There are 2 protein chains.
Amino acid sequence: MNTEYFNQRRTIRKYSDKEIPAELLKKMLESAMRAPTTGNMQLYSAIVTTDKEIKEQLSPCHFNQPQVMSAAAVITFCADYNRFIKWCEASDAIPGYNNFQSFMTATLDAAIFAQQFNTIAELNGLGCCYLGTTTYNAEEIASVLHLPPMVVPIITITVGYPDGETIQVERLPVNGVIHQNTYHDYSEQDIKNIHSEKESLEVNKGYVTENHKTTLAQVFTDVRYTKADCETFSEKFYKFVEKQGYKFPDNK
Amino acid sequence: MNTEYFNQRRTIRKYSDKEIPAELLKKMLESAMRAPTTGNMQLYSAIVTTDKEIKEQLSPCHFNQPQVMSAAAVITFCADYNRFIKWCEASDAIPGYNNFQSFMTATLDAAIFAQQFNTIAELNGLGCCYLGTTTYNAEEIASVLHLPPMVVPIITITVGYPDGETIQVERLPVNGVIHQNTYHDYSEQDIKNIHSEKESLEVNKGYVTENHKTTLAQVFTDVRYTKADCETFSEKFYKFVEKQGYKFPDNK
């Protein structure tokens with residue numbers, strides 16, 4: 001099998017009008033369900049939204065990123081203990097999964113499932129885009145999608161047939177990310193070496209200028225992922241996870 | 001490209017003595033780094049442990065599951081804001097990532113990266129096994145691997161060349177996991193239908209008998225994932241995540 005696809009893949013944000021055959025979408029999700037899952041519990045669900053009106057309701061939850069409306073399907077991947085708990089209750093078994101560790105387990109299950117779907121969809125000629133807004137506005141998304149307790153949206157992927165070409169963005173050098181045997185913490189010089197190519201790219205220099213900053217890192221800290229936003233969305237998501245039924249240890 | 005692999009894949013827990021060429025391991029991790037990542041921040045790191053003595057130290061952290069010693073490599077995937085924060089600090093940028101939302105972002109980045117690696121490794125003829133013990137004993141793993149603040153182990157994958165054949169375990173029917181447009185909550189009959197095939201399998205009936213239970217769900221609630229264990233490991237992991245520098249909203 002050709003693994004060159006993995007080196008060539010890229011995020012696709014622009015889609016043609018072509019619909020995805022329902023049978024293909026279902027088969028791809030079924031294949032993705034073969035991804036690893038904790039104790040074979042499959043603590044996830046996927047909501048496939050193709051209806052225009054429901055996409056319109058989802059759109060503001062994702063800060064109106066245009067992919068939500070232009071993609072053939074918006075797939076919301078959820079950490080889901082609801083089905084498993086209902087199965088326990090129907091089987092004279094007493095579940096104890098309303099806690100942080102179980103939330104993490106279901107989150108990892110959902111993420112692994114989502115990424116497996118992403119790969120399968122791309123290998124079938126589709127283009128995908130992860131929306132990082134899912135954990136920001138989980139409560140609003142849950143309302144639109146009628147998510148019951150113990151179901152928390154974790155990842156959204158928009159999917160459709162690509163419209164035109166997209167360039168591939170850079171990555172850090174592999175030695176900047178991989179550690180042999182144990183973690184070797186970074187010196188200031190290591191950090192410079194790891195990031196020098198990234199910082200030297202014209203496209204990234206452009207982001208610095210456009211945002212009136214002096215370094216690329218400032219584009220992240222001051223514009224894209226600010227401390228204030230991170231803290232606002234931390235509190236919002238934390239409360240929502242508890243509202244859905246997963247209690248954090250301090251609040252028991 | 002043949003996507004049949006995705007339907008056929010299975011977890012491999014038994015490995016031959018054959019080593020994985022270091023260059024192949026590096027190339028596979030490099031390809032996996034092309035997986036989607038939030039804002040191209042790559043908030044992850046991977047520690048590749050092949051040294052026998054360090055594997056021996058990791059082994060009890062994973063409750064002495066034999067894969068840790070028998071696999072050619074034990075790869076610990078971490079949610080990692082350490083490198084990104086050091087880059088910010090070296091770039092006159094003030095990071096604000098010591099919070100729950102940032103922890104979730106890095107966790108998802110690490111999980112997506114891990115799963116992409118899993119797929120690439122399997123496509124290269126290797127066998128892999130996720131160890132769910134990573135978030136149970138994150139603190140002990142961090143100690144063995146010398147993880148600095150802002151680095152939290154999330155997923156461990158053991159990887160090696162397979163020794164012999166392994167059967168594929170069952171999955172739920174796709175319609176039990178996928179929802180169209182919005183979530184349609186499960187009736188008791190739905191739950192029975194979704195789980196009937198799983199419960200009827202001889203291998204699963206065997207688990208019920210072996211564990212002196214009356215239903216398969218009880219094997220999960222009373223033996224494999226008990227309320228007491230989930231709560232113990234919730235508290236332990238929660239405290240460790242905070243110790244590494246990610247503060248949950250209530251504790252600010």
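In what follows, every chain begins at residue 1, and chains take the letters A, B, ... in the order their sequences are listed. Only a predicted model underlies this, so the values are computations on that prediction, with no experimental measurement involved.
With a 4.5 Å cut-off on non-hydrogen atoms, A:I75 does not touch chain B at all. When heavy atoms are compared at a cutoff of 4.5 Å, A:D80 approaches chain B solely by way of its side chain, counted from C-beta outward. Both the backbone and the side chain of A:R171 come within contact range of chain B, each with at least one heavy atom under 4.5 Å from a heavy atom of that chain. Residue A:D185 touches chain B through its side chain alone, counting heavy-atom pairs closer than 4.5 Å. For a residue to count as touching a neighbouring chain, one of its non-hydrogen atoms must lie under 4.5 Å from one of that chain's; by this rule A:A35 touches chain B with backbone and side chain alike. In this structure, the portion of A:Y97 lying under 4.5 Å from any heavy atom of chain B is its side chain and not its backbone. For a residue to count as touching a neighbouring chain, one of its non-hydrogen atoms must lie under 4.5 Å from one of that chain's; by this rule A:Q42 touches chain B with the side chain only. With a 4.5 Å cut-off on non-hydrogen atoms, A:K198 touches chain B through its side chain but not through its backbone. Looking at A:N118, the atoms closer than 4.5 Å to chain B (heavy atoms on both sides) all sit in the side chain, from C-beta outward. The contact between A:M33 and chain B is made by backbone and side chain atoms together, counting heavy-atom distances below 4.5 Å. Heavy-atom distances place the side chain of A:V151, and not its backbone, under 4.5 Å from chain B. Using a 4.5 Å cut-off between heavy atoms, A:Y44 touches chain B through backbone and side chain atoms alike. With a 4.5 Å cut-off on non-hydrogen atoms, A:F113 touches chain B through its side chain but not through its backbone. In this structure, no portion of A:M28 lies under 4.5 Å from any heavy atom of chain B.
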Chi angles and distances behind the side-chain contact (heavy atoms from CB on, under 4.5 Å) call for B:N181, A:T50 | CA-CA 6 Å; B:N181 284 310; A:T50 53; 3.8 Å; yes
Starting from the C-alpha separation in whole Å, work towards a yes-or-no answer on salt bridge (charged side-chain N to carboxylate O under 4.0 Å, His left out) for B:D190 and A:K86.
-> CA-CA 10 Å; B:D190 292 335; A:K86 283 195 158 74; over 6 Å; no
Should B:R83 and A:L172 be marked as a side-chain contact (heavy atoms from CB on, under 4.5 Å) after you check the CA-CA gap, both sets of side-chain angles, and the distance that decides it?
-> CA-CA 11 Å; B:R83 183 179 58 244; A:L172 298 177; 3.6 Å; yes
Derivation of the side-chain contact (heavy atoms from CB on, under 4.5 Å) call for B:H179 and A:T76 | CA-CA 10 Å; B:H179 301 258; A:T76 308; over 6 Å; no
Could you give me the CA-CA distance, side-chain angles and deciding distance for B:L216 and A:W87, then say whether side-chain contact (heavy atoms from CB on, under 4.5 Å) is met?
-> CA-CA 10 Å; B:L216 182 60; A:W87 179 55; 3.8 Å; yes
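With chain B as the partner, the residue from A:A228, A:G176, A:A22 showing the most heavy-atom pairs under 4.5 Å is A:G176. Note on A:G96, A:A217, A:C129: by heavy-atom pairs under 4.5 Å with chain B, the leading option is A:A217.
Heavy atoms of other residues, nucleotides or ligands lying less than 6.0 angstrom from CD of A:Q168 number more than 12.
You'll find the side chain of B:S91 reaches within 4.5 Å of the side chain of A:E199, heavy atoms only. Looking only at side-chain heavy atoms (C-beta outward), A:Y130 and B:T38 stay at 4.5 Å or farther from each other. Residues B:P36 and A:R9 have side chains in contact (heavy-atom distance under 4.5 Å, counting atoms from C-beta outward).
Ring-plane geometry between A:F100 and B:F248 is classed as perpendicular, the angle between the planes exceeding 60 degrees on a 0 to 90 degree scale with a lower cut at 30. The aromatic rings of A:F220 and B:F84 sit perpendicular, their planes meeting at an angle over 60°, well past the 30° parallel limit.
Note that CZ of A:F117 and CD1 of B:I178 are 9.0 Å apart. Values are rounded to the nearest 0.5 Å. To the nearest 0.5 Å, atoms OG (A:S102) and NZ (B:K227) are separated by 9.5 Å. Atom-to-atom distance recorded for B:I154:CD1 and A:T107:OG1 is 10.0 Å, nearest 0.5 angstrom. Annotation: the span from B:R10 atom CZ to A:R34 atom CZ amounts to 8.5 Å, rounded to 0.5 Å. Between A:N99 atom CG and B:E231 atom CD the span is 6.0 Å, to the nearest 0.5 Å. The CG atom of A:L108 sits 7.0 Å away from the OG1 atom of B:T135 when rounded to the nearest 0.5 Å.
Considering only residues two or more places apart in sequence or on other chains, B:Q116 meets the side-chain hydrogen bond (donor to acceptor under 3.5 Å, both in side chains) condition with A:Q115, A:T119. Checked against side-chain hydrogen bond (donor to acceptor under 3.5 Å, both in side chains), B:N204 has the following partners two or more places apart in sequence or in another chain: B:E170.
In plain terms, the two heavy atoms of A:S45 and B:Y183 that are nearest each other are OG-CE1, 3.5 Å. Closest of all the heavy-atom pairs between A:C88 and B:T221 is SG-CG2, 3.6 Å.
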